Asker: 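Take this structure first; my questions come after.
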There are 2 protein chains.
Amino acid sequence: MATQAKQGNAKTEPGRQSLKSAATRARLIDATIRCLVQHGYANTVTPMVAAEAGLSRGAMLHHFASGDALIRATIVELHERRLKAFRRASQAHVGDVRAMVRDYWQQLQKPGFIAFQELAMAARTDAALAEILLPLQAELTQKFQALAGQLYPDWVQEPERLRLAMALSQILMEGIQIASLTGAMDKSLIEPLLDFLEMSVIALRPGQGTGMTMKTEQ
Amino acid sequence: MATQAKQGNAKTEPGRQSLKSAATRARLIDATIRCLVQHGYANTVTPMVAAEAGLSRGAMLHHFASGDALIRATIVELHERRLKAFRRASQAHVGDVRAMVRDYWQQLQKPGFIAFQELAMAARTDAALAEILLPLQAELTQKFQALAGQLYPDWVQEPERLRLAMALSQILMEGIQIASLTGAMDKSLIEPLLDFLEMSVIALRPGQGTGMTMKTEQ
DNA sequence: ATAAAAAAGCATGCAAGCATGTTTTTTTGT
DNA sequence: ACAAAAAAACATGCTTGCATGCTTTTTTAT
């Protein structure tokens, strides 16, 4: 639905000037993300998105048959961004735990994460949203896992600890961000927590004993 | 405004026959919490709460002048429950890290946490809610901190590590719960993460080295 | 190549549904 | 009988989806 083919001709594949349509759709999706960040999912209503995109509401409904369709497209877009960023980050600094932690932390600062979190919370009580989101969440977790094993071949010997390290990183960093956003935590604790996370992940690497060991290695 | 005084008499402090009013208010607040859990903040509307409480909407508005007032009262109620549970837990098992972790984890399973999380997320983009919630969040964090120093006197020598241990416990456990609720995490990882948290907190106790040390002590 | 035809993008207006708060009426309890 | 509690009725505002008309671009045909 997001990338519906524009009467594709066999001749010139570039969709001509009606690629303007794609641009407009992108503008609407971006506007949706901005609204999710600034006003939250519950207050993101169609007139607001249209205004944010600089379009009339009618025009918006021309591109997305309903508000639901827009949200669906936005979810797909956010998911693709997540996958792309994740792939980029993991390939950029292989084996460098500190860099990967910081990189993922940077990702969580971007509007995309807040928007996604809004949708994820909403999906908890919205069956239609959950139907779209849950499979994507599962897909992400799986690719996360797969790529991790690929980047740390020696870690695969201890899959439990690898899974633990991945989950710890994801959950703790996202938890920090959410707590910061909701005022449940003092910001001054962010850095110490990230440092601690780095140490923990390093300690979980193979050949570091069953528990944890101090070591400013790497 | 939340706990609007019921024409308090100077005479007999027991509210006589109209203590039934208090019961009704409590029923409304409980119904609100249930709605928050089952339908989320955005979909928690006044007719729904009234139905859940077994009252007419008119009756409900008799006890709480507006939907906002109800939400405010619910927030205060949740906050008091949090404080009470926290105090009980910390006094029950002094010095027992494992027990305290598990106890707080049990707290997070109760509807109160989900309801509070819904409100906290909503407060991010709702100034009125934030005005009520943020001070309470700060108060809780502060009392958390104070009581911790009281329970672990020897830990106060290293306040940084105490703060870190407290934050780590809170953030990680709440993060696990949120991730579970939103489907961002496989449930099979919960136990390993909690175990890891216990070890980490123990390792952060004073006299355990700068980093971490394996030790099934406690 | 140019004009007519078709299609797509875009804007405005309208009616229905729903949640909110206020007001009025009925019931209950002392 | 009187006051509080509960229910019902009412009026307002907002969001949504649909339908209508206008403009621009692309295609088709002579």
Side-chain angles (χ1 to χ4, degrees), chain A residues 1 3-29 31-32 35-36 39-73 122 125-126 128-129, chain B residues 1 4-9 11-12 14-29 31-32 35-36 39-73 122 126 128-129:
Chain A
M1 188 145 203
T3 338
Q4 62 191 251
K6 347 69 210 278
Q7 68 273 9
N9 303 335
K11 310 177 84 183
T12 54
E13 52 84 353
R16 313 309 207 90
Q17 61 282 42
S18 97
L19 89 177
K20 173 184 183 181
S21 179
T24 304
R25 267 199 292 272
R27 232 171 54 212
L28 281 167
I29 291 177
T32 304
C35 286
L36 285 172
H39 309 282
Y41 175 75
N43 306 317
T44 295
V45 292
T46 46
M48 172 185 291
V49 174
E52 180 73 28
L55 256 69
S56 77
R57 216 176 67 83
M60 165 179 159
L61 254 72
H62 174 73
H63 291 278
F64 296 97
S66 71
D68 260 42
L70 214 190
I71 292 293
R72 272 194 288 275
T125 54
D126 186 320
L129 266 185
Chain B
M1 191 149 202
Q4 55 193 268
K6 343 86 207 272
Q7 66 275 10
N9 303 336
K11 309 180 80 178
T12 53
R16 311 304 207 89
Q17 69 293 10
S18 79
L19 91 173
K20 172 185 184 181
S21 180
T24 305
R25 266 199 291 273
R27 233 173 51 213
L28 281 167
I29 291 178
T32 304
C35 286
L36 286 173
H39 308 282
Y41 175 75
N43 306 316
T44 295
V45 292
T46 45
M48 173 185 290
V49 175
E52 180 73 28
L55 258 66
S56 77
R57 215 173 69 85
M60 165 180 159
L61 258 70
H62 173 72
H63 292 278
F64 296 96
S66 71
D68 259 43
L70 214 191
I71 291 294
R72 273 194 288 275
D126 186 320
L129 267 185

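No experiment lies behind these values; they were computed from the predicted model shown. Proteins come first, then strands; the chains are lettered A, B, ... in the order of their sequence lines, and each starts at number 1. Heavy-atom basis, side chains included; hydrogens, waters and symmetry copies ignored.
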Asker: Nearest whole Å is fine: how far is D:dT16 P from A:Phe64 CZ?
Answerer: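 So the CZ-P distance, A:Phe64 to D:dT16, works out to 15 Å.
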
Asker: Determine whether B:Thr24 and B:His62 make a side-chain contact, defined as any pair of heavy atoms from C-beta on separated by less than 4.5 Å.
Answerer: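 Of all side-chain heavy-atom pairs linking B:His62 with B:Thr24, none is under 4.5 Å.
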
Asker: May I ask you to decide if B:Pro47's main-chain N or O and B:Arg57's side chain share a donor-acceptor pair within less than 3.5 Å?
Answerer: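 The answer is no, because no donor-acceptor pair under 3.5 Å joins these two groups.
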
Asker: So which heavy atom on A:Leu28 is nearest to which on A:Leu70, and how close?
Answerer: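 Shortest heavy-atom contact: O-CD2, 4.2 Å.
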
Asker: Under 4.0 Å from any atom of DNA chain D, heavy atoms only: list the residues of residues 41-48 of chain A that qualify, in numerical order.
Answerer: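 Within this stretch, A:Val45, A:Thr46, A:Pro47 sit under 4.0 Å of the strand.
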
Asker: Please step through side-chain contact (heavy atoms from CB on, under 4.5 Å) for the pair A:Ile29 and A:Phe64, ending with a clear verdict.
Answerer: CA-CA 10 Å; A:Ile29 291 177; A:Phe64 296 97; 4.3 Å; yes

Asker: Can you check whether B:His63 has a side-chain N or O nearer than 4.0 Å to OP1 or OP2 of D:dA4?
Answerer: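 Looking at the OP1 and OP2 atoms of D:dA4, neither is under 4.0 Å from any side-chain N or O of B:His63.
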
Asker: Any donor-acceptor pair under 3.5 Å linking the side chain of B:Asp126 with the backbone of B:Ala122?
Answerer: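 No; zero donor-acceptor contacts below 3.5 Å.
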
Asker: Return the value, rounded to whole Å, for the distance between atom CG of B:Leu70 and atom P of C:dT20.
Answerer: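 About 11 Å, once rounded to whole Å.
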
Asker: What's the CG-C1' distance between A:Leu61 and D:dT20, to the nearest Å?
Answerer: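 It works out to 14 Å between those atoms.
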
Asker: In this structure, how many angstroms lie between the P atom of D:dA8 and the NE2 atom of B:His62, rounded?
Answerer: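 Answer to the nearest Å: 16 Å.
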
Asker: Check this one for me: any side-chain N or O of B:Thr24 less than 4.0 Å away from OP1 or OP2 of D:dA6?
Answerer: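 Result: yes.
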
Asker: So, applying side chain to side chain contact (heavy atoms under 4.5 Å, CB included) with B:Cys35, which one of B:Thr44, B:Val45, B:Asn43, B:Thr46 is it?
Answerer: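 It is B:Thr44; the other options fail the test.
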
Asker: Could you check which residues of residues 49-60 of chain B get a heavy atom under 4.0 Å from DNA chain D? Sort them by number, please.
Answerer: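 By residue number: B:Leu55, B:Ser56, B:Gly58, B:Ala59.
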
Asker: Shorter than 3.5 Å, N or O on both sides, protein versus nucleotides 21-23 of chain D: list them out with atom names.
Answerer:
none

Asker: For a quick test of reading the model, state the closest non-hydrogen atom pair linking B:Gly54 to B:Arg27 and the distance between them.
Answerer: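 Looking at all heavy atoms of both residues, the shortest contact is O-NH2, 4.3 Å.
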
Asker: Figure out the NE2/P separation between B:His39 and C:dA19, and round it to whole Å.
Answerer: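 About 12 Å, once rounded to whole Å.
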
